[in-house]
Amino acid sequence: MRHSSRLQVRHVNSKLHPYGTLNQHIKQEAQLMTIVNRFGLAEEVSWMANLGASITQEEMVLSCFETKVTGYDTTILWAPAWSQFMPDDSLRKLVAKYFVIPFSLPSYTSILPYLPPVMPRYGKIRREGGDRIRGSIVNVSDPDKHHDNTFVRFELYVDKHTNSPDMPAEFVRTVFYGQFHYVLVVDLPGFQIPGFRLPGTFKHWHPPIDIPKKTHVLAFVMPYKTGGANATEGLTSYADVASSAETSQFIDVQSIECAVGRI
């Protein structure tokens, strides 16, 4: 039932009258299965031989509007795409701030000069066998016929002692909810950041930091203040957009778990 439901949902073209095209599709699918079984055509249409397995295979096929990045096997980047997108200085700073914790950098300024000038941007993503997520920057022709699938659930490791700099860092996994804007593909070449003086000292220096060559896929999201609440365990809410929205930030796209609905 679960696999069949996933297959049918993509044929719902209207949230006002979802049964219209869905009924037609189910009828046509039943007719095709009848022909396959009546005349023994399973080998000729092998994709129908195992309905459950074929769904996964179908999800893995990329269209001409989709692309994958090495290391991000479960995330598919989806048009609209801007291959020559050049972020402004404010966006470049936010990208640089993302890399501070993964690379243990003293400041975002350490890596800022090494960021590429061009970072391809994608307005939609989808997970293999999972949700399709639309960025808030993508306009839809008829909002009444489209679900608002711009809000997502994601998890990040947050330092419990952020407001106590004298205490050692202790990271805990925290649930967040927010609005997805778009994705940037950041292709970092291999380079070395020179050594630097450790904060609060005069003689102790940190050795140079080697940054490996890798392509990073970062999602630009706007978190909402939900206090780390988990909607799978209880009611999760926020007061209003103006008071609950936090500063947008970049996160690893693989931190996004799914699209979420709001009521």
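- Residue pairs satisfying the salt bridge (Lys or Arg N to Asp or Glu O under 4.0 Å) criterion with at least one member in residues 250-259, sequence neighbours excluded, are listed as follows: Arg153-Glu257.
- By the rule that hydrophobic residues join a cluster once side-chain heavy atoms approach within less than 4.5 Å of another member, Val221 and Val217 end up as members of one cluster.
- Partners of Ser83 according to the side-chain contact (heavy atoms from CB on, under 4.5 Å) rule, which considers only residues two or more places apart in sequence or in another chain, do not exist here.
- Clustering of Ile, Leu, Val, Met, Phe, Trp and Tyr side chains at separations under 4.5 Å places Met86 together with Val118.
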Stepwise side chain to side chain contact (heavy atoms under 4.5 Å, CB included) test for Val69 and Thr67 = CA-CA 7 Å; Val69 174; Thr67 187; 5.6 Å; no
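- The side-chain contact (heavy atoms from CB on, under 4.5 Å) check on Asp88 picks up Ser90, Leu91, with sequence neighbours excluded.
- For Phe154, the ring pair (Phe, Tyr, Trp, His ring centres under 6.0 Å) partners at least two apart in sequence or on another chain are Phe176.
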Side-chain donor/acceptor pairs under 3.5 Å, residues 178-190, sequence neighbours excluded:
unit_1	atom_1	unit_2	atom_2	d
Gln179	NE2	Thr150	OG1	3.2
His181	ND1	Ser136	OG	2.7
His181	NE2	Ser248	OG	3.3
Asp187	OD1	Thr215	OG1	3.1

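- Note on residues 104-139: pairs passing ring pair (Phe, Tyr, Trp, His ring centres under 6.0 Å), not counting sequence neighbours, are Tyr114-Phe191.
- Checked against side-chain hydrogen bond (donor to acceptor under 3.5 Å, both in side chains), Gln192 has the following partners two or more places apart in sequence or in another chain: Asp210.
- For Thr109, the side-chain hydrogen bond (donor to acceptor under 3.5 Å, both in side chains) partners at least two apart in sequence or on another chain are Ser107.
- Applying the ring pair (Phe, Tyr, Trp, His ring centres under 6.0 Å) test to every pair with at least one member in residues 81-100, sequence neighbours left out, gives these pairs: Phe99-Phe103, Phe99-His216.
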